[in-house]
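The block underneath contains the structure these notes are about, expressed in structure tokens.
All figures in this text were calculated on a predicted structure; none of them were measured in a lab.
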Amino acid sequence: MEESADNSQVLSEADGSVASPADSSDDPSPFVQEDGLVHIAAFDFDGTCISGNSPVLLVRRLMKLGMLEKSVLARIMLWGIAYKLRLPQNESWVRGLVFRAFAGKPVSHIDAFLRDFYDSDVASLFRERATAELLSQKEQGRVVVLVSATFEPIVSRAMEFHPIDFQISTRMRAAKDGTYTCEVEGLPVEGDQKIVRLREFADERFGAGRWVLDAAYGDHHSDRTLLGAARNPVAVTPDRPLARTAKSEGWRIAEW
């Protein structure tokens, strides 16, 4: 597992191990293809790999359990309305609101809660077509990376069941006493930050100029920059703005 300098996301290997830059697991040679480059396939998670939105599902679960105050829920819902209207929003702020349910609680306990949440509420939503595409990319020798704005323990749990090599996702800040705060470490891995974080990761892991983004998959118009950076962009069951961009740019459109 590697972290960027600002710790805004965690970069995990599929086996959940932790790899520092000095660790032998950082050797890029197992991933290098005949052209001397590492070929990456990047996948968005919510709305692409799964037919739903895991943060929204999490809020619903917390609401049922009475873990969020009504005033907090109201602010989250107002944020959601503005998001649907495509108005500029503070991504860190809304994630901080969600994590008010976990503030001051041990990281290990909350990570376990989020893993259980994945099992009960998210796992069944993982698309068969997504699993098949992940496997196809792996069989072609590409490094599969999930790039997602959702919370790291949720994506890490998904990695245990699907052919994914690494993940880049949003991490919440932990206090010195080992409990969670309501703050995001750095910036959420959302919109333009997806390609920024992917480039940072790939340069550090494989070396600048030693990798290519062969394919990228996304469903939302905020994924445009990630898809636009790929040799083979795929708009998966896209929203209307992304569908328009895909058609105008000649990108592949897949209905999963």
Nearest 0.5 Å please: distance from the CD atom of Glu200 over to the CD1 atom of Ile195. 10.5 Å
What's the shortest heavy-atom distance between Val184 and Arg173, and which atoms? O-NH2, 3.6 Å
Quick one: list whatever passes side-chain contact (heavy atoms from CB on, under 4.5 Å) with Ala130, sequence neighbours left out. Cys49, Phe126, Arg127, Trp256
Looking at residues at least two apart in the chain, or sitting in another chain, which of them share a side-chain contact (heavy atoms from CB on, under 4.5 Å) with Pro233? Leu227, Trp251
What's the spacing between Gln193 CD and Ser222 OG if we round to 0.5 Å? 12.0 Å
Name each donor-acceptor pair under 3.5 Å that joins a side chain in residues 59-70 to protein atoms two or more places apart or in another chain, with its distance.
{"from": "Arg61", "atom 1": "NH2", "to": "Ser120", "atom 2": "OG", "distance (Å)": "3.4"}
{"from": "Arg61", "atom 1": "NH2", "to": "Asp121", "atom 2": "OD1", "distance (Å)": "2.6"}
{"from": "Arg61", "atom 1": "NH2", "to": "Asp121", "atom 2": "OD2", "distance (Å)": "3.4"}

Check side-chain hydrogen bond (donor to acceptor under 3.5 Å, both in side chains) between Asp44 and all other residues, then give those that pass, not counting sequence neighbours. Thr48, Lys194
Under the side chain to side chain contact (heavy atoms under 4.5 Å, CB included) rule, what do Phe45 and Val189 come out as? Steps first, then yes or no, please. CA-CA 11 Å; Phe45 184 67; Val189 187; over 6 Å; no
Please report the shortest heavy-atom distance between Pro188 and Thr170, naming the atom on each side. CA-OG1, 3.5 Å
Is there a side-chain contact between Ser169 and Leu146, using heavy atoms and a 4.5 Å cut-off? no
Could you state whether Val56 and Leu125 fall into the same hydrophobic cluster, counting links through intermediate Ile, Leu, Val, Met, Phe, Trp or Tyr residues with side-chain heavy atoms under 4.5 angstrom apart? no
Kindly compute the distance separating OG1 (Thr150) from CG (Asn53), expressed to the nearest 0.5 Å. 7.0 Å
Any side-chain heavy atom of His220 sitting closer than 4.5 Å to one from Asp46? no
Minimal heavy-atom distance between Ala202 and Ile40, with the atoms involved, is CB-CD1, 3.8 Å
Any donor and acceptor pair, going by atom type alone, linking the side chain of Gln167 with main-chain N or O of Met159 inside 3.5 Å? no
The reported gap from CG in Leu134 to CD in Glu139 (rounded to nearest 0.5 angstrom) is 11.0 Å
Looking at Arg142 and Asp165, is any side-chain nitrogen of the basic one under 4.0 Å from a carboxylate oxygen of the acidic one? no
In terms of hydrophobic clusters joined by side-chain contacts under 4.5 Å, are Val143 and Leu37 together? no
Could you label the plane-to-plane angle of the Phe43 and Tyr217 rings as parallel, tilted or perpendicular, counting under 30° as parallel and over 60° as perpendicular? parallel
Treating Arg224 as the side-chain partner and Pro241 as the backbone partner, does any N or O pair qualify as donor plus acceptor under 3.5 Å? yes
Return the minimal non-hydrogen interatomic distance between Ile253 and Ala246, and the atom names on each side. CG1-CB, 3.8 Å
Look at the aromatic rings of Phe31 and Phe206 and report parallel, tilted or perpendicular, splitting at 30° and 60°. perpendicular
Closest non-hydrogen contact found for Asp223 with Asp219 is OD2-N, 3.2 Å
Leu58 vs Phe113, side chain to side chain contact (heavy atoms under 4.5 Å, CB included): CA-CA, chis, key distance, verdict: CA-CA 11 Å; Leu58 177 59; Phe113 176 92; 4.2 Å; yes
Does Thr179 reach the main-chain N or O of Ala175 with its side chain, forming a donor-acceptor pair under 3.5 Å? no
Salt bridge (Lys or Arg N to Asp or Glu O under 4.0 Å): pairs with one or both residues in residues 245-256, sequence neighbours excluded: Glu133-Arg252
Quick check: do Glu190 and Arg95 have side-chain heavy atoms less than 4.5 Å from each other? yes
Do the non-hydrogen side-chain atoms of Val196 and Thr225 ever get within less than 4.5 Å of each other? no
Can any side-chain N or O of Asp239 pair as donor or acceptor with the backbone N or O of Leu242 at less than 3.5 Å? yes
Do any side-chain atoms of residues 98-112 form donor-acceptor pairs under 3.5 angstrom with protein atoms, and if so which ones, sequence neighbours left out?
{"from": "Lys105", "atom 1": "NZ", "to": "Ala101", "atom 2": "O", "distance (Å)": "3.1"}
{"from": "Asp111", "atom 1": "OD1", "to": "Tyr180", "atom 2": "OH", "distance (Å)": "2.7"}

Is a side-chain donor or acceptor of Asp214 paired with a backbone partner of His39 at a separation under 3.5 angstrom? no
Arg205/Phe166 under side chain to side chain contact (heavy atoms under 4.5 Å, CB included): CA gap, chis, key distance, verdict: CA-CA 11 Å; Arg205 177 79 191 195; Phe166 301 97; 3.8 Å; yes
So which atom in Tyr118 and which in Ile154 form the shortest heavy-atom distance, rounded to 0.1 Å? CD1-O, 3.7 Å
Is there a donor-acceptor pair closer than 3.5 Å between any side-chain N or O of Arg157 and the backbone N or O of Phe117? no
Check whether His162 reaches the backbone of Ile164 with its side chain - one donor and one acceptor, N or O, closer than 3.5 Å. no
